[in-house]
Amino acid sequence: MAMVLIVSLQVVAATASWAQTDRTPGDPEATRKALTALLAAANDPIPRTSSCHEGQGAYGQTGPATVKDLLAMRMAYLYAGSNVVEGRCEQQQHKCTVSIRHAAGEDVASASITFAVKAGKAQVATLQCLVTP
């Protein structure tokens with residue numbers, strides 16, 4: 001019973017967050033800055049300690065998973081439905097987040113990728129993902 005309640009609360013919170021974001025226009029410049037920092041680390045391997053690490057071949061790649069493999073897998077399914085790629089950076093904390101959301105009927109998924117930035121590049125040692133199915 002407690003597990004059902006927790007899952008229900010998470011779904012309600014995610015739905016409320018989704019609805020609020022849909023009403024608020026994104027900031028293309030903020031998204032560009034966050035994506036640029038993340039793409040600067042495209043060829044860097046994702047550390048095993050990162051919540052973004054899914055294991056060998058998890059993103060359809062051969063060899064260790066890299067940032068570009070993660071992004072390619074998350075973005076490959078944005079061909080239909082309602083899709084949003086949004087980014088933001090907190091300058092004082094040198095931290096950015098890129099969020100990728102997809103909805104096509106009952107097919108709903110999201111990924112939020114958070115990372116520290118140094119010299120305009122995402123630091124893969126700080127890469128963290130929150131992914132919903």
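Salt bridge present: D44 and K121 bring a charged side-chain N and a carboxylate O closer than 4.0 Å.
In the hydrophobic cluster analysis, where Ile, Leu, Val, Met, Phe, Trp and Tyr join through side-chain heavy atoms closer than 4.5 angstrom, L78 is grouped together with M73. Following chains of ILVMFWY side-chain contacts shorter than 4.5 Å, one can reach I113 starting from M75, so the two form part of one hydrophobic cluster.
Scanning all heavy atoms of the two residues, the minimum distance from C96 to V117 falls at SG-CG2, 3.5 Å. Nearest heavy-atom pair, G120 versus A40, reported as atom, atom and distance to 0.1 Å: O-CB, 3.9 Å. Among all heavy-atom pairs drawn from S110 and T132, the shortest one is OG-OG1, 2.7 Å. Taking every heavy atom of both residues into account, Q123 and F115 meet most closely at O-CB, 4.5 Å. Closest heavy-atom contact between C129 and S51: N-OG, 2.7 Å. Here the closest heavy-atom approach between residue T31 and residue G87 is recorded as OG1-N, 2.9 Å.
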* To do: List the steps, then state whether side chain to side chain contact (heavy atoms under 4.5 Å, CB included) holds for N43 with K68.
  => CA-CA 6 Å; N43 292 317; K68 70 180 171 190; 2.8 Å; yes

* Walk me through it: do V85 and L35 pass the test side chain to side chain contact (heavy atoms under 4.5 Å, CB included)? => CA-CA 9 Å; V85 177; L35 273 173; 4.1 Å; yes

* Asked: Yes or no on side chain to side chain contact (heavy atoms under 4.5 Å, CB included) for L38 and L127, after CA distance, side-chain angles and deciding distance?
  -> CA-CA 10 Å; L38 189 55; L127 204 62; 4.1 Å; yes

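With values rounded to the nearest 0.5 angstrom, S82 atom OG is found 9.0 Å from H102 atom NE2. Separating the CG atom in N83 from the OH atom in Y77 is a distance of 13.5 Å, to the nearest 0.5 Å. One distance of note links CZ of R88 with OG1 of T114; it measures 7.0 Å at 0.5 Å rounding.
Here the side chain of T66 pairs no donor or acceptor atom with the backbone of P45 at under 3.5 angstrom. A donor-acceptor pair under 3.5 Å is absent between the side-chain atoms of S50 and the main chain of P47, judged by distance alone.
At least one side-chain heavy atom of R74 sits less than 4.5 Å from a side-chain heavy atom of V131. Residues L71 and I100 form a side-chain contact, since some pair of their non-hydrogen atoms from C-beta on lies under 4.5 Å apart.
Annotation: side-chain contact (heavy atoms from CB on, under 4.5 Å) contacts of Q93 (sequence neighbours excluded): E90, K95.
Checked by atom type, the side-chain pair E86/S99 shows no donor-acceptor distance below 3.5 Å. In summary, the side chains of T97 and S112 do not present any donor paired with an acceptor at a separation below 3.5 Å, with no hydrogens or angles considered.
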